[in-house]
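All remarks here apply to the structure that follows.
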Amino acid sequence: GTVHEFGAVNVGYAAKRKVAVEFTLVETKSGRARWRGAGEFAQGSATLDSKEAANRLVAGLAQRWTEEAADTPFEYESLVAVHRAVRAFPRGAY
């Protein structure tokens, strides 16, 4: 699989977190791609209020530091993106 996007922007007035992934199931004998799936998850917010922007900036920084300390950056976003990519995987014998 490939991670196409993995990042965040937080400038207080606007914030965005996004993860985008793509997977390919390859048949080992032929090298032929048997299935491809892609998924992403993004969430964002914006405000024009300066007090709210300051609060969001601090909250975003705290979230980043907490995730880094726990070694779980973008865990939720990553799980949702992967789920969205593999939910189209065909069921049954392949």
Minimum heavy-atom separation for [X] to [Y], with atom names?
X	Y	result
Phe23	Gly1	CD2-CA, 3.6 Å
Val19	Ala81	O-CB, 3.7 Å
Gly39	Ala85	N-CB, 3.6 Å
Gly60	Asn10	CA-ND2, 3.2 Å

Short N-O contact, Glu67 and Arg17, less than 4.0 angstrom: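 Salt bridge present between Glu67 and Arg17.
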
Atom CZ of Arg84: over 12 foreign heavy atoms under 6.0 Å: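 Counting other residues, nucleotides and ligands, CZ of Arg84 exceeds 12 neighbours.
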
How long is the straight-line distance from [atom2] of [Y] back to [atom1] of [X], given to the nearest 0.5 Å?
X	Y	atom1	atom2	result
Phe74	Glu77	CZ	CD	6.5 Å
Glu22	Thr2	CD	OG1	6.0 Å
His4	Glu40	NE2	CD	10.5 Å

[X] with [Y], same ILVMFWY side-chain cluster at under 4.5 Å:
X	Y	answer
Leu48	Leu57	no
Trp35	Val21	yes
Val86	Leu25	yes

Among Arg56, Glu52, Lys16, side chain to side chain donor-acceptor pair (under 3.5 Å) partner for Ser45: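 One option only clears the test, and that one is Arg56.
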
Distance-only polar pair, side chains of Glu27 and Ser30, donor-acceptor under 3.5 Å: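 There is such a pair (donor and acceptor under 3.5 Å, judged by atom type) between the side chains of Glu27 and Ser30.
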
Donor-acceptor pair, side chain of Thr47 and main chain of Asp49, under 3.5 angstrom: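 Indeed, once roles are kept as given, a pair shorter than 3.5 Å links the two residues.
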
Check: Tyr76 ring centre within less than 6.0 Å of Phe41 ring centre: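 Yes, the ring of Tyr76 comes within the 6.0 Å limit of the ring of Phe41, centre to centre.
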
